[in-house]
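Heads up, the thing below is written out as structure tokens.
Chain A is the first sequence line, chain B the second, and so forth, proteins listed ahead of strands; every chain is numbered from 1. Side chains included, hydrogens not; waters and symmetry mates left out as well; all remaining heavy atoms used.
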Number of protein chains: 2
Amino acid sequence: MISQTAVHARRLVSEAFAVSSARGYHYRVLAALQEFGPASQAELGRRGRMDRSDVVAAVTELAREGFVERSADPADRRRNTVTITTAGIQQLQRLDRALDTAQDELLAPLSVAERRALVALLGKVLEHHGGVPTSRSVADRPPNRS
Amino acid sequence: MISQTAVHARRLVSEAFAVSSARGYHYRVLAALQEFGPASQAELGRRGRMDRSDVVAAVTELAREGFVERSADPADRRRNTVTITTAGIQQLQRLDRALDTAQDELLAPLSVAERRALVALLGKVLEHHGGVPTSRSVADRPPNRS
DNA sequence: ACGGAAACGTTGGCTGCGCCAACGTTTCGG
DNA sequence: CCGAAACGTTGGCGCAGCCAACGTTTCCGT
């Protein structure tokens, strides 16, 4: 069962994150920022499959720790532009290393070829069910409209 | 990422369960009962990797719906013997069918051979990290003992 | 035989993750 | 110009995985 395996994955990952007192959302925000550059919070949510409201919390916490900066977007006053800081990049590198370790531990019983096979299979499944559906940009105005 | 795949798995599974208004814990209890026969709640927890306290809740709910019966074990008055009822067996079959459907949907993009390969790989990972560690029978008396 | 250790059931609580609902504001488009 | 849409924010829900503590009962070593 995939769920079973996921439990172990989660445990190892959270174990890895615990050291830096970070959570999954933090990592996803930082990773999305590093990969695609500064963005609005809604955009971060789309990149990382997070709900808008969860992005708010993650960004707030990251900002408090000095890993990102939240600034008003002059071009669009609805948006906040979120930027990763130098400290944030370092934190991301730390988390990446921790993640690598955890992954190694998780996949310990598998040969390199097997790991590649597993990743390929999971990728296939993910791609199929993939998309970026939870944009929520759709679910904003479901106040009853007959 | 395995976690990503797990998210989809979870969504499909809970979608499948939603119909019967059941949750993961319920299924695990019923499945464990069917597979190994009546047992104490602690035993159910070990079989299904659940915490004792979560078993309590699951059994209570299942009992309220008439899917299991909770009776005092005459041989050991600490224990409750939990037994699956006929209705419980039927419910389990329903859930099993729903699960099969969900799994089919999840693994839709994979050929039969690929599915077998995936299962084998995950099994390997699980077995390695396997065991039944969370018995909690160990974590009962961690009141500070210097 | 006795007393401490261990197992059991139960209550209650905490965290993380994935969601949805509603609001006020701002921007966009017909 | 006005309604629709997007954005950020607050607040809430459910499930899953845990841990802590309690009272009771049983087990085991001395």
(request) Looking only at side-chain atoms of A:Arg23, point me to the closest of C:dC17, D:dT10, D:dC18. (result) C:dC17
(request) Using atom CZ of A:Arg79 as one end and atom P of C:dT25 as the other, report the distance to the nearest whole Å. (result) 19 Å
(request) Could you check how far OH of B:Tyr25 sits from P of D:dG14, rounded to whole Å? (result) 16 Å
(request) Map A:Pro74 and B:Ala39 onto DNA chain C by nearest heavy atom, then report which one ends up closer to the 5' terminus. (result) B:Ala39
(message) For a quick test of reading the model: is some side-chain N or O of A:Gln41 closer than 4.0 Å to OP1 or OP2 of D:dA6?
(response) no
(message) Ignoring hydrogens and geometry beyond distance, is a side-chain donor-acceptor pair present between B:Thr60 and B:Arg70 at under 3.5 Å?
(response) yes
(request) Check the distance between D:dT26's P and B:Arg78's CZ and give it to me in whole angstrom. (result) 7 Å
(message) I'd like to check the side chain to side chain contact (heavy atoms under 4.5 Å, CB included) partners of A:Asp104; sequence neighbours left out, ordered by chain and number.
(response) A:Arg115
(request) Write down the distance between CZ (B:Arg52) and P (D:dG23), rounded to a whole number of angstrom. (result) 15 Å
(message) Would the base of C:dC19 count as contacting A:Asp54 through its side chain, where contact means a donor and an acceptor less than 3.5 Å apart?
(response) yes
(message) Within the structure provided, determine whether A:Arg97 and A:Thr101 are in side-chain contact (heavy-atom separation under 4.5 Å).
(response) no
(request) Send over the distance from B:Asn80 CG to D:dT26 C1', rounded to a whole Å. (result) 15 Å
(message) When you compare the side chains of B:Gln41 and B:Arg79, does any donor N or O come within less than 3.5 Å of an acceptor on the partner?
(response) no
(request) Indicate whether OP1 or OP2 belonging to C:dC8 is found under 4.0 Å from a side-chain N or O atom of B:Arg46. (result) yes
(request) Take atom CZ of B:Arg49 and atom P of D:dC19, then tell me their distance rounded to the nearest Å. (result) 13 Å
(request) Could you check which of C:dG16, C:dT27, C:dT11 has an atom nearest any side-chain atom of B:Val56? (result) C:dT11
(message) Is B:Arg77 close enough to D:dT26 that one of its side-chain N or O atoms is under 4.0 Å from OP1 or OP2 there?
(response) yes
(request) Would you check if A:Leu121 and A:Val119 make a side-chain contact, meaning some heavy-atom pair closer than 4.5 Å? (result) no
(request) Give the rounded distance in Å between these two atoms: OH of B:Tyr27 and C1' of D:dC15. (result) 18 Å
(message) Rounded to whole Å, how long is the line connecting atom CG of A:Asp51 with atom C1' of C:dC20?
(response) 7 Å
(request) Report yes if at least one side-chain N or O of B:Arg70 is closer than 4.0 Å to OP1 or OP2 of C:dT10; otherwise report no. (result) yes
